[in-house]
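The structure appears below as structure tokens.
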Amino acid sequence: MSEWWAIAGLASITMVVQLWALRRLRHIGKLLHTQPFISSEMALAWRQFAKALVVAAFAMLFNLETGVGNKIGHISFGLNFGGLYFMWIACLCSYSIAWLLQDAVALKEEAEGFV
């Protein structure tokens, strides 16, 4: 019975991490509707989304294999590099957007200072 709790606990950790990344993406969508795109809040939201993707990528790296063919009470871990590759690409893109937005905010503030 304790093996079942270990399996459920590890699976729920992965699910919570992935839901956290989706909530960060939802926050970006909310900001797109309420604020201008070039803002420090938007840059922070993209940076938080990229951090959530990093954590989700690590959670996806060690997949818990409890499918058909495994004995009851037997836990095996598999490495998933295919999904990890696309997560890292998305993470790098998100960090790039955050850095570009932060630079755009600095340039916007500088340009407003001249006016």
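In this chain, residues are counted from 1 in sequence order. When reading the values below, keep in mind they use all heavy atoms of this one structure, side chains included, and skip hydrogens, waters and symmetry mates.
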What distance do Met15 atom CE and Gln18 atom CD have between them, rounded to the nearest 0.5 Å?
9.0 Å
Under a 4.5 Å side-chain heavy-atom rule over Ile, Leu, Val, Met, Phe, Trp and Tyr, are Ile38 and Leu32 clustered together?
yes
Enter the distance from Leu25:CG to Trp20:CH2 here, rounded to the nearest 0.5 Å.
13.0 Å
If we only count heavy atoms from C-beta on, is the Phe37 to Leu31 side-chain gap below 4.5 Å?
no
Could you tell me the separation between the NZ atom of Lys30 and the NE2 atom of His27, rounded to the nearest 0.5 Å?
8.0 Å
Out of curiosity, Ile97 CD1 to Arg47 CZ, how far, rounded to the nearest 0.5 Å?
12.5 Å
Distance-minimising heavy-atom pair for Ala43 and Leu101
CB-CB, 3.8 Å
Specify the closest pair of heavy atoms between Ala50 and Ser94, including all atoms of both residues, with the distance to one decimal.
CB-CB, 3.7 Å
For Phe58 and Trp88, I'd like to know if the aromatic rings sit close, meaning centre-to-centre distance below 6.0 Å.
yes
With Phe49 as reference, evaluate Leu22, Ile28, Leu44 under the side chain to side chain contact (heavy atoms under 4.5 Å, CB included) test and give the passing residue.
Ile28
Nearest 0.5 Å, what's the CE-CG distance between Met87 and Leu53?
4.5 Å
Nearest-0.5 Å distance that lies between atom OG1 in Thr34 and atom CD in Glu41:
9.0 Å
Measuring only between side-chain heavy atoms, which start at C-beta, is Val55 closer than 4.5 Å to Lys51?
no
